[in-house]
> 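Following this message is one structure expressed as structure tokens.
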Amino acid sequence: MITVRTVDLPEVTLAYRESGRADGPPLVLLHALGERASDWDVVLPDLAPGHHVYALDLRGHGDSGRAGTYSLEAMRDDVLAFLDALGLDRVDLVGHSMGGAVAQLLAQAAPQRIGRLVLEEIPALYPRPAGAVPEDPDQDVHFDWAMVRAVKAQLDSPDPAWREGLARITAPTLAVAGGAASTVPQERIAELTRRIPDCRLVTVEAGHLVHGARPAEFVAVVAPFLAL
């Protein structure tokens, strides 16, 4: 059963979906840009049947609050504040795309808080050509366009320290790549794997949306890793 809750943090209210074993080790799931916590439902409960799972709506997404400022660092700090608010000293962490970027930053800043780390379709971050973002979109969406503009600008021109900081990650890490159909340069995911001290790479030929497009295959590689 999935229970939807909220928690008031110093800068924003976060919504999250809680499921799994009440006495299981905690697992936190972080979604991609423009997605929300329910994006993970397709792989629950098979992803981590022994865990107590928390899937977050990151700031500016889903039912979480809209904030005055947006950045990957702010999202990282929100997740740390979430762990503190719920009394979660150490968690396993899974992040997809933007959520994987947030997860990397968290694992760099507070390595003692992360048991196992799964990074789905997030590379070692380098500058990339900037794409257009609508200035005044009229479609009804479940995210804040101001957040999209701010975060996309960071992903297009990332801080080089984020890449260098991968060496500070101490958690056993699994990098999941989407293969030839992905829009993410696969050689950059391979580089991320080399830069993180204890990291292995698995490719699922699914494109960028690995857990959504190939949920059974995603579970087959991630579930055993989380169960170790």
> Partners of His211 by side-chain hydrogen bond (donor to acceptor under 3.5 Å, both in side chains), sequence neighbours excluded?
Asp39, Glu120
> Looking only at heavy atoms, what is the nearest atom pair of Trp40 and Leu30, with distance?
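Looks like CZ2-O, 3.2 Å.
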> If a pair satisfies salt bridge (Lys or Arg N to Asp or Glu O under 4.0 Å) and one of its residues is in residues 44-71, list it, with sequence neighbours excluded.
Glu11-Arg59, Arg36-Asp63, Arg59-Asp78
> Check whether Gln108 reaches the backbone of Arg168 with its side chain - one donor and one acceptor, N or O, closer than 3.5 Å.
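Pair absent, no side-chain N/O of Gln108 close to backbone of Arg168.
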> Got Ile196 and Leu119 here, is their nearest side-chain heavy-atom distance under 4.5 Å?
yes
> Are the side chain of Gln186 and the backbone N or O of Ala177 linked by a donor-acceptor pair below 3.5 Å?
no
> Got a sec, which residues hit side-chain hydrogen bond (donor to acceptor under 3.5 Å, both in side chains) with Glu191, two or more places apart in sequence or on another chain?
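Once residues adjacent in sequence are excluded, the partners of Glu191 under the side-chain hydrogen bond (donor to acceptor under 3.5 Å, both in side chains) criterion are Tyr126, Arg188, Arg195.
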> Indicate whether any N or O donor in one side chain lies under 3.5 Å from an N or O acceptor in the other, for Glu35 and His142.
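The answer is no; no qualifying pair exists.
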> For Asp23, enumerate each residue passing the salt bridge (charged side-chain N to carboxylate O under 4.0 Å, His left out) test, keeping only those at least two apart in sequence or located in another chain.
Arg21
> What pairs meet the salt bridge (Lys or Arg N to Asp or Glu O under 4.0 Å) rule with one or both residues in residues 216-228, with sequence neighbours excluded?
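Qualifying pairs, neighbours excluded: none.
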> Just so I know, are the side chains of Val118 and Phe225 near enough to count as touching, which here means a heavy-atom distance under 4.5 Å?
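They are in side-chain contact.
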> Mind jotting down which residue pairs meet the salt bridge (Lys or Arg N to Asp or Glu O under 4.0 Å) criterion with at least one end in residues 95-104? Sequence neighbours excluded, please.
none
> Restricting to non-hydrogen atoms, name the atom on Pro129 and the atom on Asp156 that form the minimum distance, rounded to 0.1 Å.
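Minimum heavy-atom contact is O-OD1, 4.0 Å.
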> Which residue pairs pass the salt bridge (Lys or Arg N to Asp or Glu O under 4.0 Å) test with at least one member in residues 79-98, sequence neighbours excluded?
Asp84-Arg113
> Does a side-chain heavy-atom distance below 4.5 Å link Arg200 with Val202?
yes
> Sub-3.5 Å donor-acceptor pair from the side chain of Thr193 to the main-chain atoms of Ile189, do we have one?
yes
> Would Tyr16 and Val7 count as a side-chain contact (heavy atoms from CB on, under 4.5 Å) here? Give the steps.
CA-CA 8 Å; Tyr16 63 99; Val7 59; 4.1 Å; yes
> Taking only residues two or more places apart in sequence, or in another chain, which ones meet Asp159 in a salt bridge (charged side-chain N to carboxylate O under 4.0 Å, His left out)?
none
> Begin with the C-alpha distance, continue with both residues' side-chain angles, and end with the deciding distance and a verdict on side-chain contact (heavy atoms from CB on, under 4.5 Å) for Ser97 and Leu33.
CA-CA 7 Å; Ser97 194; Leu33 180 65; 5.9 Å; no
> Just grab all the ring pair (Phe, Tyr, Trp, His ring centres under 6.0 Å) pairs involving residues 189-210, residues at least two apart or on different chains.
His96-His208
> Are Thr170 and Pro197 side-chain neighbours, meaning at least one heavy-atom pair lies under 4.5 Å?
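When only atoms from C-beta onward are counted, Pro197 and Thr170 do not touch, as no gap falls below 4.5 Å.
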> Flag the pair Glu18 / His52 as yes when at least one side-chain heavy-atom distance between them is below 4.5 Å, and no otherwise.
yes
> With sequence neighbours excluded, what pairs up with Phe143 under the ring-ring contact (aromatic ring centres under 6.0 Å, His included) test?
Trp145
> Is the backbone N or O of Leu125 less than 3.5 Å from a side-chain atom of Arg163, with the two atoms forming a donor-acceptor pair by type?
yes
> Can you name the closest pair of heavy atoms from Ser71 and Ala74 and give their distance?
OG-N, 2.9 Å
> Please identify each residue that fulfils salt bridge (charged side-chain N to carboxylate O under 4.0 Å, His left out) with Arg76, with sequence neighbours left out.
none
> Please enumerate all residues that pass salt bridge (charged side-chain N to carboxylate O under 4.0 Å, His left out) together with Asp198, with sequence neighbours excluded.
none
